[in-house]
Each structure stands twice: as C-alpha cells, then as structure tokens.
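Below is one structure, written out as structure tokens, with a few remarks after it.
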Amino acid sequence: MSGLDGIPSSVLARRWGVPQCGVFRTLPSTLDAVHDLGAQDAPSGTLVLAEEQTAGRGRDGRTWRSPPGGVWLGMLLRPPLPPAGVLSLRIGLVLADVVEAVLGIRATSLSGPRAALKWPNDVLVDDRKVAGILCETRWQGDALQWLAVGIGVNVANEIPAEFVNHAVSLSEFRPNVRRIDVLDPLVPTLLRLTTHDARLSEFECAAFARRDWLRGRHLRAPLGGLAAGIRPDGALLVDTGAGTTMVRDGHVELS
C-alpha cells in the first residue's frame, strides 16, 4: 500500500473521514478487494483505491479498462442502506456534480448541464462515458451483510483508440486535472448518501430529469420503446406504445 498524488493513505483516510483507506499499485478489481474486506468484518466506509485494475468490471461482467491515471475506487457499506438501485442513481447525481465542478462548468448555465446521466450507472460528458458505478450486494439468507460500491472515473488515463468515440477522460477538457480533485469532493459525500431515504426525493428525481440522457430516446433493450424517465424507486420507465412499463435492471441498448 502507498499513497495517491503524493498523499499517504493514512492522511487520505483522515482527510475524507473514512475508517480505513488502502491505496494499491495494482489490483484485479477494487470491488473484489472490498468483498474480501467485507468478509473480514471491515467497518462501513472502508475505502480501496487502485492505481490500475487488471480485471476491472462493469455491469453484466463487461470489462472496464482501468489503466494508470484514473480513479478506480471501491467502498464497503453496511446496513442500514437504501436499495442498491437507488444508491447507484444517487452516486451518479453526485458524480455529475463533481465532474462539472472539476471542469469549471456551472450546472445552471443556459446551455444546460454538460454532465449527463444514463440509467442505470453511467455519467457522460458530450455523449461520451466519463464515469461508471457498480453496486454489488452480499446476503446471508434474507439479511444484507454489506454492499460494495465500485466507481471508475476517467481522469487522466489514456482512452484506447477503439473507444475514443464512446469514452472520454476529464484531462481532455482540463489537462492538469488530478485524481485528488475528483476524490476530495466525492468520497465524503458517498458516506452521507447511506443515510438518505429508500426512495429518491422529489428534488433528486428532478435533478436526474435535468441530466437524463436516455429520456425520449428509442430503446431496443432492456425493453423496446421510448425511455420515459425514472421512478422514485430507481426503476426506468419505458413507453412501449401500449402503455408505460417499469424496468428495474438490465443493459440499455438504443434502437
């Protein structure tokens, strides 16, 4: 274990108000590390950061490229917690605000927010993915034991040539950006999100609606129809033409 951007991990833990912070040069996956810590009774709020992930993953087992220069973060959270789908959307709202703050963009600008949210777990800038969120739960019978939050943010990492039309790093817009610029406003806020209600508030739903990248677009999956926003329980609404149907999970594909 070491530090990040020249700051020792013990200092980072105090700086962010987390019980433990581990910074590793290389990990297969910060999510897997968090699950291991959960099984070892590590306290809620324990944080894992990796300089590089060799087997980072997104939803449905998809690979997340995680070279040096990005934020590859895992956090352990224990009950009581809001549902994983609601928590994921809340984290997305925070990430979108952080991205705009780092880039010096005002969310209330007349041109509208530059950071958009794609249900259920992506943050986009100029229609390209800049960050992703993955929440994984572990249960014992009917009792939730812990939840692992994985967050990947493209900060100053290089985007592979085959993904440049679909992904972007913050350094493209702010060349001198550091990972600590993202982590300082992000990590303390993550801890506070666990105390919120099990459903999104009216304010949170409105905030999501302003950033809703999918709304009005034609979907092929997880259900054919027009994306029609979200519900307070985090479900996606899809207008199929025969009515509005809710979708709680699944990979989104545009038609």
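Excluded from the calculations below are hydrogen atoms, water molecules and symmetry mates; all remaining heavy atoms, backbone and side chain alike, are included.
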Any heavy-atom pair between the side chains of R179 and E51 that's under 4.5 Å? yes
Looking only at non-hydrogen atoms, find the nearest pair between V86 and P232 and report the distance. CG2-O, 4.1 Å
Determine, using the 4.5 Å side-chain heavy-atom cutoff (strictly less than), whether L254 and L124 are members of one ILVMFWY cluster. yes
Whether the side chain of D5 engages the backbone of I180 through a donor-acceptor N/O pair (distance < 3.5 Å, no angle test) should be reported. yes
Give the cluster check for L89 versus L237: same hydrophobic cluster or not, with ILVMFWY residues linked at side-chain heavy-atom distances below 4.5 Å. no
Applying side-chain contact (heavy atoms from CB on, under 4.5 Å) to L95 and I91, what does each step give before you reach the verdict? CA-CA 6 Å; L95 265 175; I91 295 171; 4.3 Å; yes
Does some side-chain heavy atom of L183 sit less than 4.5 Å from a side-chain heavy atom of V71? yes
First locate atom OG of S171, then atom CD1 of I159, and finally report the distance between them rounded to the nearest 0.5 Å. 8.0 Å
Taking atom types as modelled and ignoring hydrogens, do the side chains of Q53 and T30 form a donor-acceptor contact shorter than 3.5 angstrom? yes
Check whether any side-chain N or O of S88 sits under 3.5 Å from a backbone N or O of G85 as a donor-acceptor pair, and report yes or no. no
Among L47, V11, L186, find the one that has a side chain to side chain contact (heavy atoms under 4.5 Å, CB included) with W16. L47
Given 3.5 Å as the limit, does a donor-acceptor pair link the side chain of T240 with the main chain of G243, or not? yes
Hey, what do you get for CG (L147) to OG1 (T194), rounding to the nearest 0.5 Å? 10.5 Å
Please check if the side chain of W119 supplies one atom and the backbone of G229 the other of a donor-acceptor pair under 3.5 Å. no
Judged by modelled atom types alone, do N176 and R178 share a side-chain donor-acceptor pair under 3.5 Å? no
Closest heavy-atom pair, P222 versus D249, reported as atoms and distance to 0.1 Å, is CB-O, 4.0 Å
Give me each pair satisfying salt bridge (Lys or Arg N to Asp or Glu O under 4.0 Å) with a member in residues 158-169, each pair once, sequence neighbours excluded. R65-E162
So, taking the atom named CG in L236 and the one named CE in M246, what distance separates them when rounded to the nearest 0.5 Å? 11.0 Å
Check: N121 side chain, I133 main-chain N or O, donor-acceptor pair, under 3.5 Å: yes
Please determine whether side-chain contact (heavy atoms from CB on, under 4.5 Å) holds for the pair H196 and E204, giving the CA-CA distance in whole Å, both sets of side-chain angles, and the decisive distance to 0.1 Å. CA-CA 11 Å; H196 291 209; E204 288 172 320; 3.8 Å; yes
R78 side chain to G38 backbone, donor-acceptor under 3.5 Å: yes
Side chains of V252 and L219, heavy atoms from C-beta outward: is any pair under 4.5 Å? yes
Taking the side chain as every heavy atom from C-beta outward, state whether L170 and V182 have any atom pair closer than 4.5 Å. yes
Is a side-chain donor or acceptor of D212 paired with a backbone partner of L214 at a separation under 3.5 angstrom? yes
Within the 4.5 Å heavy-atom criterion, are H166 and K129 side-chain neighbours or not? no
Would you say that E172 contacts R128 through its side chain, given a criterion of any heavy-atom pair below 4.5 Å between the two side chains? yes
With heavy-atom distances below 4.5 Å as the criterion, would you say the side chains of L27 and T54 are in contact? no
Decide, yes or no, whether a salt bridge links D197 with R90 under the criterion of side-chain N to carboxylate O below 4.0 Å. no
Between S9 and V23 (side chain of the first, backbone of the second, donor and acceptor by atom type, cut-off under 3.5 Å), is there such a pair? no
Among V48, L49, L4, side chain to side chain contact (heavy atoms under 4.5 Å, CB included) partner for C21: L49
Treat each ILVMFWY residue as a node, draw an edge where side-chain heavy atoms are under 4.5 Å apart, and state whether M75 and L87 are in one component. yes
Take V99 and R114 through the side-chain contact (heavy atoms from CB on, under 4.5 Å) test and state the conclusion after the steps. CA-CA 9 Å; V99 164; R114 288 271 302 278; over 6 Å; no
Ignoring hydrogens, what is the shortest heavy-atom contact between P8 and G6? Give both atom names and the distance. CD-O, 3.9 Å
Determine whether I7 and L73 fall in the same hydrophobic cluster, where Ile, Leu, Val, Met, Phe, Trp and Tyr are linked whenever their side-chain heavy atoms lie under 4.5 Å apart. yes
For the side chain of R217 and the backbone of W213, is there at least one donor-acceptor N/O pair under 3.5 Å apart? yes
Closest heavy-atom pair and its distance - P82, L193: CG-O, 4.2 Å
Indicate yes or no for a side-chain donor-acceptor contact from T189 to the backbone of P185 under 3.5 Å, with no hydrogens or angles considered. yes
Show the numbers, then the answer: is there a side-chain contact (heavy atoms from CB on, under 4.5 Å) between T137 and W139? CA-CA 7 Å; T137 53; W139 299 76; 3.0 Å; yes
Looking only at heavy atoms, which two atoms of V102 and D181 are closest? And how far apart? CG2-O, 3.6 Å
Rounded at 0.5 Å granularity, tell me how far CG in N165 sits from CG in D127. 11.5 Å
Would you give the length of the straight line joining atom CH2 of W146 to atom CD of E136, rounded to the nearest 0.5 angstrom? 11.5 Å
Indicate the atoms forming the closest heavy-atom contact of S44 with L77, along with that distance. OG-CA, 3.5 Å
Could you check if a side-chain atom of I151 sits within less than 4.5 angstrom of a side-chain atom of W72, using non-hydrogen atoms only? no
Could you give the distance from CZ (R211) to CD (E100), rounded to the nearest 0.5 Å? 4.0 Å
